[in-house]
Each structure stands twice: as C-alpha cells, then as structure tokens.
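Remarks on the structure that follows.
Here is the naming used below: chain letters follow the sequence lines, and residue numbers restart at 1 for every chain. Predicted, not measured: the structure shown is a model, and the values here were computed from it.
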Amino acid sequence: MKYDFNQIEKKWQDYWAKNQTFKAENNSNKPKYYVLDMFPYPSGAGLHVGHPLGYIASDIYSRYKRHQGFNVLHPQGYDSFGLPAEQYAIQTGQHPAITTAENIKTYRRQLDQIGFSFDWSREVRTSDPKYYKWTQWIFIQLFNSWYNYKIDKAEDISELIKIFEVEGNANVNAACDDDVEMFSAEDWKKFDGVKQQKILLQFRLTYLAETEVNWCPALGTVLANDEIVNGVSERGGHPVVRKKMTQWSMRISAYAERLLQGLETIDWTDSLKESQRNWIGKSVGASVKFNVMPNVTLSAVEGSQIEVFTTRPDTIFGVSFMTLAPEHELVLQITTPEQKAEVEAYIEATAKRSERDRMADVKTISGAFTGAYVEHPFTKEPIPVWIGDYVLAGYGTGAVMSVPCGDQRDYDFAKHFNIPIQNIFAGVDISEEAFADKEKTIIANSDFLNGLSYKEATKKVIQELEKLGQGQGKTNYRLRDAVFSRQRYWGEPFPVYYVDGMPQMIDIKYLPIELPEVEKYLPTETGEPPLGNATKWAWCTETNTVVDNDKIDNKTVFPLELNTMPGWAGSSQYFNRYMDPHNDQEIFSKEAIDYWQQVDLYIGGSEHATGHLLYSRFWQKFMFDKGYVNHDEFAKKLINQGMILGTSAFAYGFGPGLAYEYPDDVVKAAKAGIVNKKFVIPKESYDKGIEGELDNVTQKIVDDIIAEYKSHGINVKYVGEEFSGTFTPFRISLNNLKGTSDILDVESIRKDPLFSFISEAEFILDENGDYVTHRDVEKMSKSKYNVVNPDQICEDYGADSLRLYEMFLGPLEQYKPWNTAGITGVHSFLKKLWKIYVSENGLNVTDAAPTKDSLKTLHKTIKKVQEDIENFSFNTSVSTFMIAVNELTAQKCTSKGILEPLLILISPYAPHIAEELWSKLGNSESISTAPFPKFDESHLVESSKNYPISFNGKMRFTLELPLDMSKEDIEKTVLENEKTQEQLQGRTPKKVIVVPGKIVNIVG
RNA sequence: GCUGAAGUGGUGGAAUUGGUAGACACGUUGGACUUAAAAUCCAAUGGCCAUUAUGGCCGUGCGGGUUCAAGUCCCGCCUUCAGUACCA
C-alpha cells in the first residue's frame, strides 16, 4: 500500500473538523494551557510558505501539550480591519467587507490544508460588529478613567470629580495634559458644564486634544510613531509631515513606568524587551527653571521662566548658553527686535525641512541667537538663549541648558558659533571634545559642587534648586501618548457623539455602533474623513439610535465622531476575547478569565515589538486596574519566529528597457526604439564584464550591439574599455524555472506576460543548452517573484512534509532561506516511516517483543524529542526522527511496543500520517490525546564506552572500554595499548588525563 | 553613533556543564535496478598531501590569551543582519 498523503490528509482534516477534536472546554479537570499565535491580516495575496512557520511551531507545542494531558486553548482569528482592503475599495468600489470575507475564505482553506489543531469554534474577526462591540466598550472604559499616581492605577473618573468637588486639583497627582490650570473646589463648582468636561478630558485615559501628529498626505490619515519607518509610512512608503490636528489619543504615558517594570516579570526575548525599554526611554534627571532676564524693549518677558530637562544637573555651572527648539512657544516672545529677522528666517527654514531631511543630515549645525538672556540660578550671570533644530520640541520641555564641556552636541554648537566653553571637570582635557563619562566625573569650578562625583553633585544641586524654587528631580520618558484616530473608513467607529463640541459616550447598551454604508471611501469634499460620506450618521439621544444626518423633526440630533480607530485597537485584547468569544453580555465572563488566566505561550514576529505588543500590555494593565483580568501581563512567554526568506532568481540582460546604467545617448536611442535587440547572458559573462574582461561570447554580443547602433548612426560610449555595468540583473519568476532547479525555462518566459520585455530577447545558453539563473536570498515578496505557495507544496508533497520541512530548515527564531528542492529529504523520511508500518501485503506490525536495540532507539528518541519541544528546538527533533527511522529500518523492527509509541512522538509534527498509522494499528480514537510515552533511562544504560584517545588534545584513535573501569585501570590499559606506544614513540607521557565516560588525553 | 543577534563544508544547519567538529538533510560524484525516465537502494563527499592496509598536516570570521583539552571561556578587532537615532 502506497503512502497516499493527499487522501490521508484530507481524510483526517475532515475527521478533526467533524469531531471537533481540538475544541477547548472552559472547564476541565485537566490543567489548562493557552497557546496563541498572532492572528493574520487576511491579505489578497493569500499565504506563502513563510507565513505558517510560527503557526506550525505553536501547533506542535499545542499538540504536545495535549499529549501531556493539558486542556489546550489554541485559537485562531483574523485582524481584518486594515488599509489594503480599503485601498482596494477606493480603486474598485468593492466594499472592504466583501474583499475581506473573500480573503478570509482563502486563508481558511490554506490554513486547513496544513492541518492545524486550531479551535475554530472560537474564531474572532476584528471587523465583525459582534467583536468590535467590545473594542468600543474598552474605549468607553478608558474614557471613563483617569490615572492616579498616588495609588499607581487607573480609577473611575467619578473619583476624580469627587476630589475636585472637595479640594480642587492642587493635591491631585495624575497623568494629565501639561497645561492643566489650577483651580479650587469653589472654582470647580462655578465652572459651567463644558468647562468641566474640558478639564476632565485633560485627565481621561483616552482624550481628545490638539496635538502635533504625523500626517501622511498620500494615505490621507495620521499615523502613530510605530507606523513610521525611516521617516516614511510603514505601509506604502509615503512621506509623512508634522501637522497640528485634534485627535483622540491614548494616555499610554501614564503606564510608562509599569510597562518598563513589567518587562522584568515576563519571559520574552531579551531583544524584544530591549526594544520596548528603548521605546519607553526612561531618563532620570532634573527639571530646572531659568528666569528670563528683563529687557528694556520687551516688557512681555518680565517674570517669565524657561524650564529645561537635564540628566546632568551636576553640570549646571558649565552652562554657557541655552537652546530652544525652533517651535518652542516662547521663542517669538523673547526674541529682541534686532534678532527678529534672523530668528524668523531660521524658524521658517527648519519648518520647511521634512522629518526625513532632518534625519538624513544630522551633521550640519545650525541655529540662531534670540538676543534674550536667562539668569543662571546660582551665579546670576546672564546666559544667552539660542534656538537650534538639534533640540526637539517633542522631548522634555523642548529646551536644554547647554553644557558644551559635558555634551558633544552642545560642544559642537558652541564651537560653531564661537560661544565660550568652560571646563567644570577636574583633570579632564576638553580642548578636542566634550567629556560625557558620568562615572569618572569629578566636578570643579562649580562653587558648592566642587570635588563631588556625579551622584553626589546631582543630589546636592537638586536640593539647592528646590530651596530656590527653581527646580526638582524629574524622570522623563520618551514614550509619547498614542494617537488613536485614523481618517479612514475600514476601522472601528468610535461610540462617540458631540454636544457643544464636547465628546459624549454612547451608552454601552447601544453598542455596537456599526460602520455605516458609504458611496465613496475617500474623504468628503469638505475634507472630513470617509465616514462623513455616510447619509445615516448622527446620534439621536431620544431614540438612542444612529439616524439620518438630516434632522428628525422635534428631535435633538448630534454629530457623531467621523474618525475610526487604528489597526491596533482590535488586536489589543483579542487574546482575552478568545476565552469567551460568543459572549454578547460581557467582553468575557469572569469564569472564562478565571479559568484561562493569561496566555502561556505566544508566538509571533518581532516586527510588533513597539506596536501591538506594547499597546496590548498597556490595555491589559488597564483591564487589570479595573479588575477585569487577573494578570497585568497578558502573555507569560513569548517567542519570535524568524522570517523565511525567498531565493530569487536573476538573469542578466542588455537592451532597451533592461538596462538603467547606459550612457545617456544610448538610453535615448533605446527609448526612441531605434535599437531593439535584447540579450540575456550568463552570470559568468556578466561578472567578467563587470571586472573588465569580456569573454568571447560576450565580446561578440557587444560587437553586434556596437555594429547595430552604428548602423543607426549612433556612437556608443563605454565606461572604459569594457561594457561595465551595462548588463543589468533582473528578477525572473520562480514559475519560469525548470522544476526546482536554477535552469530557466526559456520557452515559458517568452510567453509570460510578466516578462514581455524579453520575449524577443536572444538568450545566450551554456554548453548544455541551458540558461542558468543566479540565485540570491532576500525577503519573500510577490514583487520579487520569489514567493512559494504552500498549496503547491501540499499538493506535491503533503502537509506533513511541509510542516516537517519548515521546522527542519533551522532554529525557529532564525531568518533562513526557503529552497523547495530540499523538501525531498523530509518527504522521503515520511515514506520510509510509512514503509516500516505498511508493506505491499498490508500491516507489518506484530506483537513481537521489542529488541534491546529498538528499545534503545525508542527511548533516546523520546528523551531527545521531549527536550527539543520544551526548548523549542524543533529542527533538531526532525533529525532525531530521521535517525530513529533509519535505525528501526536497519533493525527490521516490527514490534508494536516500539512502533505505537513512536507515532505519538511524531504526531505533533506530522499529525496526518500519525493518525492514519495509529488507526491502522487498531486504535479507534484520535491519536491527539494519547499520553506521551514515558522515557525510561534503563534502556539507555551502556556497559562500555568507545573512548576517544587524544594526544595533546588531538584525537588519534578510539578504544572500547567498560564504563565501570576505574580511572587507574583506564590509564593503565590505554598506556599499554600498542597504538599509544606508536604515538608516543618511546617518549614518557608527562601527564595522563582520564575523564571516565568522556575522554582520555595523554600529554607528552 | 547606540542597542541586540549572528559569523561552522558547495548549501540549510548539528555539537549538554569546555571533552571524538561537521549529526541530520540538500546538492554533487560513482554504482545497482530499468528499454528509458521517475521512484528506490548502495557507496563516497571539509581542504590539502600521501597511499600497500596503516596515515600526515590544516581547518568553526581575524589576532592574541586561559586550559591537559576551546566552535564553546577571556581580551582586542573585522564583517553581516535587525532595531533605534540629535532623547539633553
């Protein structure tokens, strides 16, 4: 009987679906285990072989845990709101919900065929109103909360109102906006409703504020910091500009310290934790207020102060100037009339520079003097105030005290503008560069700080500043509040309407507020977000429903929020929703969260380090503060799977449309269609061409080309003698290769519309008549023509082969190239495995007692595989299986006592073949919950060891010796051995090292 | 610049607490089977030298060091990848 993997895999996938084999119960007498994958965004392109890598790993772990007797929750769903479906809708008018549903169907089919043990009964989709009801619900919870630093947790906003009513806000220590005014209890009571709401908004955990945001004109929306990579949008690579807009924000900064501390309690990778630490960016120092010095011409300046943040308050006597960000609010007020023109010109120049320009050019020093001075808090000396774009408006206070001797940027600025630099460090030369080593600092020339270390001086100076009322110790975080509005259609609507311009929450019982239909997915003519196109889109407080924009008679109708939520909204609590996904009364029941607690193992990509994984931790901490969850970290352990890279195929061409390094006149000629002959040459010729020595074939082509150009009256210019750089590498689709080889199928590519530009080209073939492409590893992507579709792999080799091969490629966390050719190795392993159990005449398995050798093979396999799974070293267990099968084949093992447990070991990796053989052995139940075989040490006990005998550390030969032999006897036996004598050639060994059970080393 | 990870055959990668470097595969070469191909099986396969069987030398990015013994530990470099970037 043949190993008919297609039939077997279909059979068991149907069986699992029909019997709901992997459905997890919310209560069980088994211990629970929760394995989570990062749910996919269902893109139109479907899955390529890189996508399932993490899912295969988590599936192996889940199946292993079931064999270990755990009640395993292993759910899957879709992060189905997002830009691509909306962009597609804009282009085609197709509703994103339709596109999304179709894509999900494809994803589901592809996932099913790989044989995952997901509990699909718990599937969630973030774009499903039944799901986003609860995303809206959390938003309302956040709106109704504030962060109290006194107890270090979020509290209901009603608690804050109570405090305001009793004592105003003088004693409140809360996370809030910077510009909250001071008021007493009496003031508060006198404020009108709108004013009170405005103040409360400054404290809420989600709030509306005019902030400087990252605006992406091409996408027509704002972006969060983590959605911008190298100054352009993560999706599409469009430019991003700074713009002031009123937006919803999430007060994640309130949780900065807890997000930082929480990292200590979770088992996540160090690199990921480090990324989050950097993103949170804690720095400890002091804030210092400098009095602006009176100026005869500027009365407005009287009494104003400039606050700076510094991590080096100990260097305060080294301040020789102050620098403000050009955007700093005081700049125009303090600038003197003489400096006005210069300052304004500078501000204008910096405003023009995009974020990207600023990043590209950090070396150029620029700035302008404002003409103003501040007073040094201790010496009372005047300090000139400059502006410079090396100071960022968004960090600290947007102003720095510049200490050139202790900070390289200040140093460079001072040198550039000839500002004096004074040295306040003992025994340090600062004639060439600043001295920034805190640990080696001894302060000098600094009045009461002289002789102190960094730590002592910092403490002392903060005390003195407090006495003056001009400073205090302060901790700053780089983490900014997260902008939560997007000017897009395909996202969660806010459950918000406006009265007198103030946001109001729609009562929870009316959720979900569903996305309205619109005719166009673009912004309205008045520049409102796409939801502004909805005709039915206002909130009627009397009927408590969303109604037509045109007012209903006699009823009060208020405008609704037109923005939608960002992509990360739906993914920030989905892991908890899986615990109770169909509950329409609560986000999840108490019983469900009490049972499942938190995610035990989370597997996903590291690209979410500062996005999803930080926001989710924030929401989880909030949910914890509110008492909804039992853990303030949602995932105990997290593993990042590496990316599977594609192996692109390259050819080298010359001719119009192929080369981009022609001399200009040749390009012109080519574009004019005068010359249209194209060539594709082998890589060697290309390399030689680049190096400057053309071989005969290439030389002939070049001669032909020259002749052809000349016949059109065009002189071809060369770069030197050779045709350097004129042949251009370009990518070939893997579909145009012969099988899994590197050989190009010339006929197929000539017919491929993707490559019509070379359909007429002459291919220069090698002596075998082939064109061999050059292969190179890069990210797998449709645009690089190097994607490999898992459907094809499953069709040709089976899902079990795919699963084994993905694991066999290398360590889970590592980036590694895909090469389909290698899959034959694991595929023939499965065939060999099959052959042990099944021969042409039927089942091979007998009740014969296992041999000693077979028991040894089995038990060392149990040991290794168990260790490997627990260490997530899946690649090495595939090797272990291969070794086991090779050994059992050699032993001609037919014993059920060996072959039955072996199937359980393999089942997590290759579940279909395991189920099939398991049932052939007479089992009527699925293998999925069969207990994992127990390792028995006694089968591995050896009586002898093949000792490596080395001389000066170099292994020369091996010697079989009993393991119970004493050290002395081993030494004696080895020294007496004739091979030893041969090695020593009469010399007496100086020393003999014997490590029983390991090695013998003779030093001579 | 800073932070993190990593450099091992033609390729992917193995190698517990330092203890036989290259497991397991791919690929390549030779052979068997076959009219042929596919499939399958057998053998060889780090490099160099030698060969009558035995062998010898060099080898884990580079240069040092510790040790009886180093891919593994220590010091100093180089390279690659990823993240981050004027954070005061």
Side-chain angles (χ1 to χ4, degrees), chain A residues 229-231 269-275 277-279 281-283 285 308-313 315 323 325 358-359 361-365 388-392 394-403 406-410 412-413 436 476-479 606-607 609-610 640 642-643 647 740-741 775 777 804-805 808-811 813-826 828-829 831-832 835 867 871 873 875-883 886 946-958 979 982 989-995 997-1004:
Chain A
V229 178
N230 296 327
T269 60
D270 288 336
S271 67
L272 199 140
K273 288 191 196 179
E274 200 56 30
S275 293
R277 280 191 202 104
N278 292 337
W279 194 260
K282 180 180 184 175
S283 53
V308 302
F309 173 73
T310 176
T311 54
R312 297 297 304 275
T315 63
T323 317
R358 261 169 96 153
M359 275 166 61
D361 156 49
V362 294
K363 292 280 172 290
T364 314
I365 295 161
D389 68 358
Y390 80 97
V391 178
L392 302 176
Y395 183 75
T397 61
V400 300
M401 58 175 228
S402 303
V403 183
D407 183 289
Q408 193 58 41
R409 290 158 304 169
D410 296 344
D412 295 340
F413 195 86
N476 232 327
Y477 299 90
R478 199 168 69 100
L479 183 69
S606 57
E607 66 273 17
T610 52
N640 292 126
M643 199 182 284
T647 313
T740 55
S741 73
R775 304 298 292 269
V777 171
L804 282 171
Y805 189 50
F808 188 61
L809 281 177
E813 305 87 341
Q814 204 165 295
Y815 279 56
K816 50 217 172 240
W818 177 270
N819 184 359
T820 303
I823 202 170
T824 52
V826 291
S828 60
F829 155 74
K831 285 196 274 192
K832 279 186 222 163
K835 266 167 80 176
E867 282 169 2
N871 295 319
S873 173
N875 54 325
T876 48
S877 33
V878 180
S879 309
T880 305
F881 291 137
M882 290 173 170
I883 293 166
N886 289 344
N946 197 19
Y947 279 92
I949 312 298
S950 39
F951 294 80
N952 296 319
K954 283 174 192 161
M955 207 278 288
R956 287 297 126 133
F957 60 90
T958 58
K979 284 186 184 167
E982 203 177 298
K990 283 182 193 143
K991 204 172 171 187
V992 179
I993 313 277
V994 178
V995 185
K998 282 258 162 82
I999 198 168
V1000 177
N1001 190 16
I1002 297 161
V1003 186

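Between the CZ atom of R277(A) and the C1' atom of U84(B) there is a distance of 15 Å, rounded to whole Å. As rounded to whole Å, 14 Å separates atom P of A6(B) from atom NZ of K816(A). For the pair R312(A) CZ and C87(B) P, the computed distance is 14 Å after rounding to whole Å. G4(B) atom P lies 18 Å from atom OH of Y815(A), rounded to whole Å. Residue L272(A) contributes atom CG, which lies 13 Å from atom P of A5(B) at whole-angstrom precision. Between the P atom of U3(B) and the CD atom of E274(A) lies a distance of 9 Å, rounded to the nearest Å. Distance Y805(A) OH to A25(B) P: 14 Å, rounded to the nearest Å. Between M643(A) atom CE and A5(B) atom C1' the separation is 15 Å, expressed in whole Å.
Listed nucleotides: U40(B), A88(B), C87(B). Nearest to the side chain of T311(A): A88(B).
Base pairing of C41(B) is made with G31(B), judged by Watson-Crick or G-U wobble geometry with both donor-acceptor distances under 3.5 Å. Figure legend. G7(B) is base-paired to C78(B); pairs are counted as Watson-Crick or G-U wobble with both atom distances under 3.5 Å. Searching all strands for a Watson-Crick or G-U wobble partner of U66(B) with both distances below 3.5 Å returns nothing. Base-pair partner of C2(B): G83(B) (Watson-Crick or G-U wobble, both distances under 3.5 Å). The pairing partner recorded for C48(B) is G56(B), the criterion being a Watson-Crick or G-U wobble arrangement whose two distances lie under 3.5 angstrom.
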Item checked: Contact state string [nucleotides 41-63 of chain B, B base, S sugar-phosphate only, - no protein heavy atom under 4.0 Å] -> S--------------SSS-----
Margin query: Strictly under 4.0 angstrom, non-hydrogen atoms only: write out the protein contact profile of nucleotides 14-24 of chain B, one letter per nucleotide from the 5' end, B, S or -.
Written below: S--B-BB--BB
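More than 90° away from 0 lies the glycosidic angle of G31(B), which makes this nucleotide anti.
For the P atoms, the distance linking U72(B) with U20(B) amounts to 14 Å, nearest Å. Separation of the C1' atoms belonging to C24(B) and A15(B) is 12 Å when rounded to the nearest angstrom. Using C1' as the reference atom, G47(B) and G9(B) are 9 Å apart when rounded to the nearest Å.
Residues meeting the ring pair (Phe, Tyr, Trp, His ring centres under 6.0 Å) test with F808(A), sequence neighbours left out: none.
T610(A) and S275(A) share no donor-acceptor pair across their side chains, judged by distance under 3.5 Å alone.
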